[in-house]
Novice: 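Please find one structure pasted underneath; my questions will follow.
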Amino acid sequence: MRNMRYLEHVATLILDKEACIGCSLCTVVCPHQVFQIRDGKAVIVDLDSCMECGACVNNCPVYALKVTPGVG
Amino acid sequence: MLQKYSSSDGLQHIKSEGVAILSSMQGVSQVNFNSDICLSNSLSQDCSSPNNLKKNSSFTKYEKPGYFISHFVERFIDTEVGQIPVVSSKLTFKDRLQTLGARSGITRNNYKVVPGLYAIGMPDENSEVLVTSNFKLTFDILRTALQSDLKADLIVNSSIKSSDSNKNSNKFEKINAWILVLDTLGVNVWCAAGKGTFSTKELVNRVKLCCLEKVVKHRRLILPQLSATGIRAKDVKKECGFSVIYGPIRALDIPSFIVNGRKIVDPDMRQITFNFRERLILTPIELTVGFKAFVFTAAALMFISLINSGLFSLQNGIKAELINTLDRGFISILFLLVGSLSGAVITPALLPFLPFKEFAAKGIIVGAIFSFLALFISPASSLSISAMLALSLFGTAVSSWFAMNFTGATPFTSPSGVEKEMRRFIPIQAGAAFLSLVLWIYSAF
Ligand code: SF4
Ligand code: SF4
């Protein structure tokens with residue numbers, strides 16, 4: 001997948017770092033490895049490969065993630 | 001001899017009859033009757049001659065009137081909640097034929113498995129529960145993947161292996177598991193999760209409906225990673241007590257996942273792919289989905305080709321002009337075909353090797369190349385410059401449109417990106433089509 005990338009600077013993914021508790025569920029569900037856990041918090045490491053599927057948003061226990069697909 | 005039951009005393013009959021059948025069957029089967037099964041079995045039998053059961057050897061003991069046992073069910077196992085069908089891990093010719101039908105789009109919309117609980121291998125109350133969609137293709141992939149030979153080198157953590165599967169001596173592992181099929185209206189896991197049919201609500205309902213808590217001792221569900229879009233793990237736990245574990249993306253990796261103590265041993269198992277085969281397998285669907293538009297456009301092209309100086313003046317006689325019209329019509333349809341194939345088959349196949357990020361732009365490149373090729377190897381090479389230009393512009397625009405459509409089928413295009421692409425390229429495609437139309441009509445005069 002790393003050789004197939006779509007448009008840049010359009011993904012609407014937002015991470016609320018304050019709210020994140022570092023449970024790492026987002027790193028599990030994301031099919032594009034957009035997140036990594038660093039120092040006990042999630043970090044967006046590859047925003048442009050986000051396909052706005054909402055898996056991370058749905059599963060984050062503390063609602064620290066947000067995507068708004070379709071308003072790019 | 002058929003018995004007629006009136007509604008008032010029917011229950012009495014059925015009850016006594018159930019006992020009769022039960023006693024007659026005890027010798028030949030070990031089926032664990034619960035009251036429900038007794039009732040439905042009894043209705044099938046003529047109570048005056050219970051021995052019929054033994055003579056009708058062409059039926060298995062599982063058959064019930066009005067029901068149809070799916071061909072992929074091998075047998076049934078008895079559990080506290082009734083009989084659970086055990087599915088085969090091998091695909092039959094029928095399965096393969098059906099797969100072909102579904103892939104090509106012919107039977108795609110009605111290719112379902114009845115939702116509910118199934119078993120594979122010989123699961124017990126400690127076996128894992130795998131959740132999947134009721135799209136038959138998905139179901140087939142799962143059941144064959146589970147019993148495929150798992151290579152020993154995939155098993156990295158031997159301590160977990162011995163405690164979890166205690167088949168150390170075996171080089172290959174066969175997975176025994178429960179399969180919980182959700183009603184996703186015959187849509188695959190990923191699309192169903194996106195559309196909201198593979199949802200927390202459906203999962204919780206299905207778990208309760210199947211009395212899963214009575215079938216297994218543990219409280220775990222293994223879900224495909226790609227279903228996460230439709231599921232909120234925390235809510236599933238809250239509403240039915242089962243915790244969600246997201247397994248690998250591909251069914252093929254499930255044996256390794258289970259044997260390694262429900263752990264992903266290779267990060268690639270969490271990474272979605274879209275390789276050549278995966279792209280190509282989607283192209284027939286793209287074509288069948290576009291088929292209506294194709295036929296409509298082809299008819300329009302025939303009509304447009306009627307606009308022809310010769311046909312109005314009939315200077316060469318009506319027959320010759322009609323043939324000319326038909327020729328022009330067929331040539332334009334040929335370019336419609338070239339454009340469709342370029343956009344819906346060749347562009348997806350070559351996707352990562354084509355320049356530009358926008359699919360529509362990739363489609364323009366492929367469409368232009370193949371339209372030019374078609375110009376020189378088809379009868380179109382005898383046409384005027386404006387006609388040739390019209391045809392190649394048309395083929396390119398069609399290709400671009402089909403390629404843009406393919407953004408909906410890939411697992412890496414964000415809706416925001418697709419929207420941006422469409423806003424940019426639809427005007428370009430429409431403009432090219434219009435210009436081509438003008439040139440085409442102009443070339444006829
Ligand atoms: S799922 Fe939410 S809380 Fe957990 S690591 Fe990701 S952002 Fe943080
Ligand atoms: S929306 Fe999907 S692709 Fe984007 S970060 Fe979340 S899980 Fe990953």
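Please read all numbers here as calculations on a predicted model, not as lab measurements. Proteins get letters first, then strands, A, B, ... in listed order; numbering begins at 1 in each.
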Novice: Could you look at A:V67 and say if it's the side chain, the backbone, both or neither that has a heavy atom under 4.5 Å from chain B?
Specialist: neither

Novice: Atom CZ in B:R103, atom CD1 in B:I285: separation rounded to 0.5 Å?
Specialist: 8.5 Å

Novice: Does any backbone or side-chain atom of B:V244 lie under 4.5 Å from a heavy atom of chain A? Answer side chain, backbone, both or neither.
Specialist: neither

Novice: Side chain, backbone, both or neither: which part of A:C50 has an atom under 4.5 Å from a heavy atom of chain B?
Specialist: backbone

Novice: With a 4.5 angstrom heavy-atom cut-off, which part of A:C30 approaches chain B: side chain, backbone, both or neither?
Specialist: backbone

Novice: Output the distance between atom OG (B:S199) and atom CG (B:D183), rounded to the nearest 0.5 Å.
Specialist: 10.0 Å

Novice: Strictly less than 4.5 Å between heavy atoms, which residues of residues 233-243 of chain B line up against chain A? Please order them by number.
Specialist: B:A233, B:K234

Novice: Identify whether the distance between the nearest side-chain nitrogen and carboxylate oxygen of B:K357 and A:E8 falls below 4.0 Å.
Specialist: yes

Novice: Sort and list the pairs that fulfil salt bridge (Lys or Arg N to Asp or Glu O under 4.0 Å) and have at least one residue in residues 185-202 of chain B, not counting sequence neighbours.
Specialist: B:E202-B:R206

Novice: Does one side chain, of A:D46 or A:S49, offer a donor that lies under 3.5 Å from an acceptor on the other?
Specialist: yes

Novice: Hey, what do you get for CG (B:L203) to CG (B:L180), rounding to the nearest 0.5 Å?
Specialist: 6.5 Å

Novice: Checking B:T407 against chain A: side chain, backbone, both or neither under 4.5 Å from a heavy atom?
Specialist: side chain

Novice: State whether a side-chain donor-acceptor pair under 3.5 Å links A:N59 with B:Y246.
Specialist: yes

Novice: Less than 4.5 Å to any heavy atom of chain A: does that hold for the side chain of B:L351, its backbone, both, or neither?
Specialist: side chain

Novice: What verdict does the salt bridge (charged side-chain N to carboxylate O under 4.0 Å, His left out) test give for B:E419 and B:R423, after you've listed the backbone C-alpha separation in whole Å, the side-chain angles of each residue and the deciding distance to 0.1 Å?
Specialist: CA-CA 6 Å; B:E419 197 178 296; B:R423 250 187 276 137; 3.0 Å; yes

Novice: Looking at every heavy atom in both B:E421 and B:E358, which two are closest together, and how far apart are they?
Specialist: OE1-CA, 3.6 Å

